[in-house]
Amino acid sequence: MTEEIVVIPGDGIGREVVPAAVSVLEAVGDFEFVEADAGDAVEAETGEALPAETYELAASADATLFGAAGETAADVILPLRTAVDSFVNVRPAKAYPGVDALRPETDLVFLRENTEGVYAGHEDRLSEDLSTLTRVVTTSASERLAEFACDYVEDRAYDGFSVAHKANVMRETDGRFRDAVVSVADDRGVETDEVLMDAFATRVCLDPTQFDVVVCPNLAGDVLSDLAAGLVGGLGLLPSANIGPDRALFEPVHGTAPDIAGEGVANPSATIVSAAMLLEYLGYDDEGRAVRDAVESVLADGPRTPDLGGDASTEDVTHAVLERLD
Ligand code: NAI
Ligand code: MG
């Protein structure tokens, strides 16, 4: 059976890096691609940043590959994550040989809670002077994330995982998060260590090798994974996966890069590695590995795009990856 992959390029460099990743997927598998619109351009045309048919496609496909949306990003990506009922955002931050990185020894994976915390959307303006935000933490969502984290470290033979939190201050909410995550890990016989999220920020800069897999509440995972992006040499390299119980959505961490959009020089690596995560999610482990190895080899030897100090185009880099796959 041919698997269907929904492809949403979006705006800006999304329209350049997503086709690059699709050509890599075409080279390693027999997939049917269904392209759908989202973002600023379709909003300008139709008044809707996320057309209902795009939402429906993402909500029924096994896997979706998304590029980026511009000013409408929040109106696109948040509902798309809901469409796949994504409870965890997997964000690897790995430095590659040959790429100038602040901390070349960095090799981390963030497993970020993707549905609640301070991003649950309960913000209120109570008066001229006062706004409030309700932070939502449930035992059920924390346990679901912890079960995923246990499977993740077992499948990949990690020793265990770290839990980043601030339960010393947010005793009720982060206390609940920490207790639920640690209790699931204990039941599963998976080792955990705890780290306060502010201390994590310092420790990861000084020595990222202290950590492997880091389980975080939503906001902490967002901020700390971007910090790690700074350690490994930039946004053009960071992939991500939004995983739900039945389907998943894959996307580079970066946005539409308006400063270089249309020039054909965007680094396609983040999106191609997101496609490798998609392959692995669908069970194509060998193909996923081959794609990762090809990207790694091109990053080491070149050609490289300008963000990495080279002068190659998106097409040159994609072509080099495809050549290594042959
Ligand atoms: P950005 O990630 O688009 O760009 C930040 C900087 O990194 C720019 O200098 C850009 O040229 C560079 N960069 C990013 N990806 C690159 C790549 N693949 N190759 C080479 N250089 C790359 O973030 P920014 O500038 O904050 O946002 C621009 C637009 O993107 C905004 O409209 C924002 O709303 C949207 N955005 C969308 C996201 C999404 O759809 N998931 C995520 C982040 C931003
Ligand atoms: Mg972010």
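Each ligand, and each atom within it, is numbered from 1 in the order the structure gives. Basis for what follows: all heavy atoms, side chains included, without hydrogens, waters or symmetry-related copies.
At a 4.0 Å heavy-atom cut-off, ligand 1 touches Asn267 through backbone and side chain alike. Under 4.0 Å from ligand 1, not a single heavy atom of Pro252 appears. Contacts between Ile13 and ligand 1 below 4.0 angstrom, taking non-hydrogen atoms only, involve the side chain exclusively. Only the side chain of Asp259 comes within 4.0 Å of ligand 1, counting heavy atoms alone; its backbone N, CA, C and O stay farther away.
Taking a cut-off of under 4.0 Å to the non-hydrogen atoms of Glu251, the atoms of ligand 1 that pass are 41 (N). Heavy-atom contacts of Ala68 reach the following atoms of ligand 1: 40 (O) (cutoff under 4.0 Å). Near Gly236, meaning under 4.0 Å from any of its heavy atoms, are these atoms of ligand 1: 17 (C), 18 (N). Residue contact check: Gly70 has heavy atoms under 4.0 Å from atoms 32 (O), 33 (C), 34 (O), 35 (C) of ligand 1.
A heavy-atom separation below 4.0 Å is not found between Ala270 and ligand 1. Remark: distances from the non-hydrogen atoms of Leu235 to ligand 1 include one below 4.0 Å. Put simply, no part of Thr305 is less than 4.0 Å from ligand 1, judged by heavy atoms.
Here the CD-CZ distance, from Glu143 to Phe87, works out to 12.5 Å after rounding to the nearest 0.5 Å.
Between the side chains of Ser240 and Arg91, no donor-acceptor pair of N or O atoms lies under 3.5 Å. Asp222 and Tyr119 form a side-chain donor-acceptor contact under 3.5 Å, judged by distance and modelled atom types alone.
With contacts defined as side-chain heavy-atom distances shorter than 4.5 Å, the pair Val6/Ile8 qualifies. Val90 places a side-chain heavy atom less than 4.5 Å from the side chain of Ile243. Inter-residue side-chain proximity for Val291 and Val273 is flagged as unmet; no heavy-atom pair is nearer than 4.5 Å.
In the hydrophobic cluster analysis, where Ile, Leu, Val, Met, Phe, Trp and Tyr join through side-chain heavy atoms closer than 4.5 angstrom, Ile77 is grouped apart from Leu219.
Residue, atom and distance of the protein heavy atom nearest to atom 25 (O) of ligand 1 are Pro258 CD, 4.4 Å. Looking at atom 35 (C) of ligand 1, its nearest protein heavy atom turns out to be Ala69 O, 3.2 Å. Remark: minimum distance from atom 14 (C) of ligand 1 to any protein heavy atom is reached at His254 CB, 3.6 Å. Nearest protein heavy-atom contact of atom 43 (C) of ligand 1 is Gly255 CA, 3.6 Å.
By the 3.5 Å distance cut-off applied to N or O atoms, Ala257 is counted among the residues near ligand 1. Considering backbone and side-chain N/O of Ile260, none are found under 3.5 Å from N/O of ligand 1. Here's the thing with Phe66: none of its N/O atoms is less than 3.5 angstrom from an N/O atom of ligand 1.
Of the possible donor and acceptor atoms, none in the side chain of Asp186 sits under 3.5 Å from a partner among the backbone N and O of Ser183. Here the side chain of Glu16 pairs a donor or acceptor atom with the backbone of Gly262 at under 3.5 angstrom. Side-chain atoms of Thr82 come within 3.5 Å of backbone atoms of Leu78 as a donor-acceptor pair (strictly under, hydrogens ignored).
Between Arg81 and Glu251 a salt bridge is recorded (basic side-chain N to carboxylate O distance below 4.0 Å).
The presence of a protein heavy atom under 4.0 Å from atom 30 (O) of ligand 1 is confirmed. Remark: atom 27 (O) of ligand 1 lies closer than 4.0 Å to no protein heavy atom. Counting only heavy atoms, the protein gets under 4.0 Å from atom 19 (N) of ligand 1.
In this pair, Phe211 and Phe200 present their aromatic rings tilted. The plane angle is within the 30 to 60° band.
Remark: aromatic rings of Tyr284 and Phe31 are close, center separation under 6.0 Å.
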